[in-house]
Number of protein chains: 2
Amino acid sequence: MTESVRLDPVDLEILRLLQNDARTTYRDLAAAVGLAPSTCLDRVTRLRRSGLILGHELRLDPAKLGRSVEALLLVQVRPHRRDLIDPFVERVRALPESRSLFHLTGPDDYLVHVAVTGTADLQRLVLDEFTSRKEVARVETRLIFQHWSCGPLLPPQEPGPGPAG
Amino acid sequence: MTESVRLDPVDLEILRLLQNDARTTYRDLAAAVGLAPSTCLDRVTRLRRSGLILGHELRLDPAKLGRSVEALLLVQVRPHRRDLIDPFVERVRALPESRSLFHLTGPDDYLVHVAVTGTADLQRLVLDEFTSRKEVARVETRLIFQHWSCGPLLPPQEPGPGPAG
DNA sequence: GATGAAATTACGCCTAA
DNA sequence: TTAGGCGTAATTTCATC
C-alpha cells in the first residue's frame with residue numbers, strides 16, 4: 001500500500017505534464033514525450049492502477065462562490081481518544097465550510113482549512129461548530145492572506161546509487 | 001475578480017458531480033441533471049469562463065513516489081518586508097518537497113505543507129532550506145498523521161432572502 | 001500502430017420568458 | 001429580444017487488438 005512505484009524518465013515527464021494540466025490529451029502527451037498516444041494511454045493507465053494517481057479533482061475559486069474569506073483553524077480535541085476524535089473528524093469533514101483537514105503532532109491536534117463568506121461567518125463557524133463542542137478544548141484562528149500551490153510532486157532526487165552492483 | 005457567480009440548481013449539481021470526479025463525462029452529467037450533453041458542455045464552459053472553475057488537477061499519492069512522510073512547517077520570516085518575503089515565497093514554492101504554501105495572520109507568517117522521504121530528510125529540509133536562511137526567524141515542525149479532503153465546495157446556504165422584493 | 005467506439009466540441013435552430 | 005436548451009455533425013480521444 002505504501003510501496004513506491006518504479007518510474008522511468010518518460011513516466012516522470014508525463015506526471016509533470018499532467019500535474020501542470022490534468023486535462024492534457026494523450027495526443028499532446030505523446031508529442032511531448034516522443035511516443036505514440038496509445039503508449040501514453042498505457043503509461044497513464046498503469047500509473048492509475050498502481051495507485052499513484054488517485055484521481056482528478058476540480059480546482060475552484062471559493063471567492064467566486066461567495067466564500068471570500070479563508071482561514072486555518074488549529075484545534076485541540078481533548079481527551080484525545082478515538083471515541084471522541086472519530087466523530088469530530090466526520091463532523092468537520094461534513095461542514096460545508098471545510099476544505100481540508102489534517103491530524104497533526106504538536107500542541108494542536110487538528111488543522112482545518114475553511115472557506116467562509118466573511119469574518120462574521122467565520123466567528124459563527126468557530127463558536128457554533130467548534131468551541132461549543134465539549135471535546136474541543138481550544139481553537140486558534142488564522143486568516144489566510146494568500147495561498148499558493150507549488151511545483152509538481154516528483155520522486156526525491158536520487159543522489160546516484162553508485163556504479164557498483 | 002472577486003465577484004460572485006450566479007448559479008442555478010443545475011449548476012450546483014454539476015459542480016457537485018465534477019468535484020466528486022472531475023472526469024465525469026458530459027453524457028453522464030446530462031443523465032444526472034436531466035439535460036442534454038451539449039447543454040452540460042455549455043454550462044461547464046460558462047463556469048470555466050467565469051473563473052469559478054480554475055482548472056483540473058491530478059491527485060497523487062506522495063507515498064507512492066517515495067515521499068512517505070508529510071509535515072507542516074510554521075515559519076516566521078523577519079523582518080516581514082516585501083523585499084524579503086517575496087524571494088522567500090518563490091524559493092519555497094520551487095522546493096521539490098513543497099506541496100502548498102499559505103501566508104497567514106498570527107504569530108507564524110507562513111505555513112508550508114511538505115512531503116519528504118523520511119524524518120532524516122525532513123531534518124535536512126528544515127535545517128538546510130529554512131533555519132539556515134537569515135530571514136527565517138523560527139520554524140515549528142508538525143508531522144501529519146493523516147490528511148482528509150472534505151465534501152464539495154458550494155455556495156453558502158442562503159437563509160432565504162424573504163418574499164418581499 | 002491502426003481501428004472502431006465513444007466523447008468532445010461548435011453551431012444552428014427552437015422554445016419560452 | 002434574449003437566454004437557455006436541443007440535436008447534429010465534425011473532430012478528437014479512448015481502448016482494444
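Chain naming here is simple, since letters A, B, ... match the order of the sequence lines and numbering starts at 1 in each.
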*Starting from C1' on D:dG7, measure out to CG on B:Leu41 and report it in whole angstrom.*
13 Å
*Can you check the B:Asp28 CG to C:dT8 C1' distance for me, whole Å?*
13 Å
*Grab the CZ-P distance between B:Arg6 and D:dA3 for me, whole Å please.*
14 Å
*Crowding at CD, A:Gln123 (>12 non-hydrogen neighbours, <6.0 Å)*: no
_Please determine whether a side-chain nitrogen of the Lys or Arg among A:Arg81 and A:Asp83 lies less than 4.0 Å from a carboxylate oxygen of the Asp or Glu._
yes
*asked:* Less than 4.0 angstrom between a side-chain N/O of B:Arg43 and OP1 or OP2 of D:dG5, yes or no?
replied: yes
*Atom OH of A:Tyr26 to atom C1' of C:dA6: distance rounded to whole Å?*
14 Å
*Should A:Glu70 and A:Arg99 count as an ion pair when the cut-off is N to O under 4.0 Å?*
yes
*Take the C1' atoms of the five end pairs on each side of the helix from C:dG1-D:dC17 to C:dA17-D:dT1, derive the two axes, and give their angle rounded to 10 degrees.*
20°
*Would you mind reading off the distance between B:Leu7 atom CG and D:dG4 atom P, rounded to a whole angstrom?*
12 Å
*Taking the nucleotide of DNA chain D with the closest heavy atom to each, which residue, A:Thr24 or B:Gly34, is nearer the 5' end?*
B:Gly34
*Give a yes/no answer on whether the side chain of B:Arg27 brings an N or O atom under 4.0 Å of OP1 or OP2 in C:dA7.*
yes
*Provide, to the nearest angstrom, the distance between the CG atom belonging to B:Leu29 and the C1' atom belonging to C:dT9.*
15 Å
*Would you kindly give the CZ-to-C1' distance between B:Arg46 and D:dG4, to the nearest whole Å?*
9 Å
*Do NZ/NE/NH1/NH2 and the carboxylate oxygens of A:Glu57 and B:Arg23 come within less than 4.0 Å?*
no
_Most 5' of A:Arg23 and A:Ala36 on DNA chain C, judged by nearest nucleotide_ = A:Ala36
*Indicate whether OP1 or OP2 belonging to D:dG4 is found under 4.0 Å from a side-chain N or O atom of B:Thr39.*
no
*Have a look at A:Ser38 and say if it touches a base, only the backbone sugar-phosphate, or nothing, with a 4.0 Å heavy-atom cut-off.*
base
*Give the rounded distance in Å between these two atoms: CG of A:Asp42 and C1' of D:dT16.*
10 Å
_Is the distance between the ring centroids of A:Phe145 and B:Phe102 under 6.0 Å?_
no
_Salt bridge check, A:Asp109 against A:Arg78: does any charged N sit closer than 4.0 Å to a carboxylate O?_
yes
*Who pairs with B:Arg138 by salt bridge (charged side-chain N to carboxylate O under 4.0 Å, His left out), at least two apart in sequence or on another chain?*
B:Asp108, B:Glu140
